[in-house]
Asker: 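Here you go, one structure.
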Amino acid sequence: MLYILRSLIRKLPGVVIKAVPLPDPDTVSGYGSRDRVGELCRKNEFKRVLLVTDRTIFSLGLHEKITDSLAQAGIFYTVFSDIAGEPDLTIVDGGRNALADCKADAIIALGGGAVMDSCKMIAAGGRLIKRKSGTLLQKFLFVRKKTFPIIAVPTTAGTGAEITVGAVVTNAKGNKVATVVVGLDVRAVILDSELTIKAPKGITCACGIDALSHGLEGVAASVRVSDDDMKKSMECVRLVLKNLPVLINEPANADARQNMCLAAHYGGNAINKQLAGYVHAFAHSIGAKYHIPHGNAIAISLLPVMDMQKGKCMKHLADLSRYCALADDSVSDADACDKLLDAIRELIAMCGFDDRKDFIAASDYRSLAHAIAWDSINYAPPIVMSNRQIYALLDEIDRKQIAKEG
């Protein structure tokens, strides 16, 4: 019955996402470019801002270039740095209170996915002042006159959360709730590679594979998009394949870091325009069940899923392979597609992923398949998998790579 439901509505998410207004921010790129926040605030006529970051970033002083820039521009600021983990209602409540107390015109979001998602809910809650934070956690959160404007400064090169309209927040029962913020106002994004330059190899690789998966699933998706959006998804994959190996050997390479920031940003655009697919459905479910970090779960799910569904999106994958200069017009689409997947396989191995068998318990297959099937309803994959196909992939993943801890 669930398979029939998924088959009937498989194109619905792609239709729905096209009806959601998406952010169209100015983008500033460059090593150390977060020192332009004050300039962007003046351009947008912001006079008072709330700078939201996490405790680690604050303790490292990575916010100071921003606060110096704000002071130089004559912008009043307040810092909210109470984020120590994944977003929950306590963080959202604290951020909303800080936003109201400082009478801010806008929010500066400095951090990874947790900070970005927190800021989306704080920005929405700041407009919907009569509503308790718990009531904001619904499938679609409509903000009629847009949220508080956000200037997003990501500190990781993976999620693309600086422009995605989705946010995941833990509710009062301890469950993660995914919300699409309709009316999200991201006014500007600053891609500053200085913020990622000291990231450990494990984080760099996990984030990079996550970004690659966004572009790859965007290319494979059944949603029709503009040529420009498709090119951004392909460029996301090309940039990761070219630059992530450089960073494994030269972690301080600023140019490669900057290119990875751009790749992640393009991956965020893919999520907004083309959604994700079964790679994410498997990674979410397996990761949650066995407490595997998201990027690592993506890495173990990516190749088995793409290999199973490549027949339904072969032309797109072959075009991507040629775009990445992995194949030319002299080879067939099937061979071009295989060259792409081989390059991804080599990159995953280079990142330090190894074999670990039998980590998925046979008794968990049924619940995992159910979770994967339900999660896939939110996406636009090229095929709809039956439970038998999901079980077969779980078998394969159980014999595939899982990232080394640390």
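All values below were derived from every heavy atom in this structure, side-chain atoms included, with hydrogens, water molecules and symmetry-related copies excluded.
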Asker: Is a side-chain N or O of Asp398 found less than 3.5 angstrom from the main chain of Phe359, in a donor-acceptor match?
Answerer: yes
Asker: What's the shortest heavy-atom distance between Ala299 and Ile348, and which atoms?
Answerer: O-CD1, 3.8 Å
Asker: Do Met306 and Leu317 have side chains that approach each other closer than 4.5 Å (heavy atoms only, starting at C-beta)?
Answerer: yes
Asker: Between Asp375 and His280, does any side-chain donor sit less than 3.5 Å from a side-chain acceptor?
Answerer: no
Asker: Hey, are the side chains of Val165 and Val182 touching, using non-hydrogen atoms and a 4.5 Å cut-off?
Answerer: no
Asker: Sort out for me which residue in Asn259, Leu247, Ile197 forms a side-chain contact (heavy atoms from CB on, under 4.5 Å) with Asn253.
Answerer: Leu247
Asker: Give a yes or no on whether the backbone of Ala281 and the side-chain of Ser285 come within a donor-acceptor separation of less than 3.5 Å.
Answerer: yes
Asker: For residues Leu99 and Gly126, report the shortest heavy-atom separation together with the two atoms involved.
Answerer: CD2-CA, 3.8 Å
Asker: Measure from the side-chain N and O atoms of Glu162 to the backbone N and O of Met116, and report whether any donor-acceptor pair falls under 3.5 Å.
Answerer: no
Asker: Could you check whether atom CZ of Arg131 has more than 12 heavy atoms from other residues, nucleotides or ligands sitting under 6.0 Å from it?
Answerer: yes
Asker: Rounded at 0.5 Å granularity, tell me how far CG in Asp210 sits from SG in Cys205.
Answerer: 12.5 Å
Asker: Under 4.0 Å between a side-chain nitrogen and a carboxylate oxygen: does that hold for Lys339 and Asp342?
Answerer: no
Asker: Taking side chain as C-beta onward, heavy atoms only, is Leu141 less than 4.5 Å from Met121?
Answerer: yes
Asker: Using a cut-off of 6.0 Å, state whether more than 12 heavy atoms not belonging to Asp24 lie near its atom CG.
Answerer: no
Asker: Could you check whether any side-chain N or O of Gln72 sits under 3.5 Å from a backbone N or O of Ser69, counting only pairs where one atom can act as donor and the other as acceptor?
Answerer: no
Asker: Counting distance only, does the side-chain N/O of Asp307 pair as donor-acceptor with the main-chain N or O of Leu303 below 3.5 Å?
Answerer: no
Asker: For Arg48 and Thr78, which I'm curious about, is there any donor-acceptor pair between the side chains at under 3.5 Å?
Answerer: no
Asker: Taking all non-hydrogen atoms of both residues into account, name the closest pair between Ile286 and Ile360 and its distance.
Answerer: CD1-CD1, 4.3 Å
Asker: Under a 4.0 Å threshold between the charged nitrogen and the carboxylate oxygen, would Glu235 count as salt-bridged to Arg238?
Answerer: yes
Asker: Is a side-chain donor or acceptor of Arg257 paired with a backbone partner of Glu194 at a separation under 3.5 angstrom?
Answerer: no
Asker: Would you say Arg96's side chain and Gly125's backbone share a donor-acceptor pair under 3.5 angstrom?
Answerer: yes
Asker: Answer whether the closest heavy-atom distance between the side chains of Thr53 and Ile83 falls below 4.5 Å.
Answerer: no
Asker: Nearest 0.5 Å please: distance from the SG atom of Cys261 over to the OH atom of Tyr266.
Answerer: 12.5 Å
Asker: Scan Val79, Leu51, Val37 and name whichever one has a side-chain contact (heavy atoms from CB on, under 4.5 Å) with Leu110.
Answerer: Leu51
Asker: Would you check if His284 and Asn378 make a side-chain contact, meaning some heavy-atom pair closer than 4.5 Å?
Answerer: no
Asker: Taking atom NZ of Lys176 as the centre, does the number of heavy atoms from other residues, nucleotides or ligands within less than 6.0 Å exceed 12?
Answerer: no
Asker: Kindly assign one of parallel, tilted or perpendicular to the pair Tyr391 and Tyr365, based on the angle between their ring planes and the thresholds 30° and 60°.
Answerer: tilted
Asker: Strictly by modelled atom types, are His265 and Asn269 linked by a side-chain donor-acceptor pair under 3.5 Å?
Answerer: no
Asker: Any donor-acceptor pair under 3.5 Å linking the side chain of Asn44 with the backbone of Phe46?
Answerer: no
Asker: Can a salt bridge be assigned to the pair Lys120 and Asp117 using a cut-off of 4.0 Å between side-chain N and carboxylate O?
Answerer: yes
Asker: Any Lys/Arg nitrogen of Lys43 or Asp26 sitting under 4.0 Å from an Asp/Glu carboxylate oxygen of the other?
Answerer: yes
Asker: Taking Arg322 as the fixed residue, which of Asp328, Asp335, Asp333 is the one that meets the salt bridge (Lys or Arg N to Asp or Glu O under 4.0 Å) rule?
Answerer: Asp333
Asker: Let me see the working for Lys231 and Asp227 under salt bridge (Lys or Arg N to Asp or Glu O under 4.0 Å), right down to the final yes or no.
Answerer: CA-CA 6 Å; Lys231 185 175 180 179; Asp227 290 344; over 6 Å; no
Asker: Is Lys232 salt-bridged to Asp228, going by a charged N under 4.0 Å from an acidic O?
Answerer: yes
Asker: I'd like to know if the side chain of His316 reaches the main chain of Val219, judged simply by a donor and an acceptor atom lying under 3.5 Å from each other, with no hydrogens or angles considered.
Answerer: yes
Asker: Specify the closest pair of heavy atoms between Val28 and Arg36, including all atoms of both residues, with the distance to one decimal.
Answerer: CG1-NH1, 3.4 Å
Asker: Is the backbone of Ala114 close enough, under 3.5 Å, to the side chain of Ser118 for a donor and an acceptor to pair up by distance?
Answerer: yes
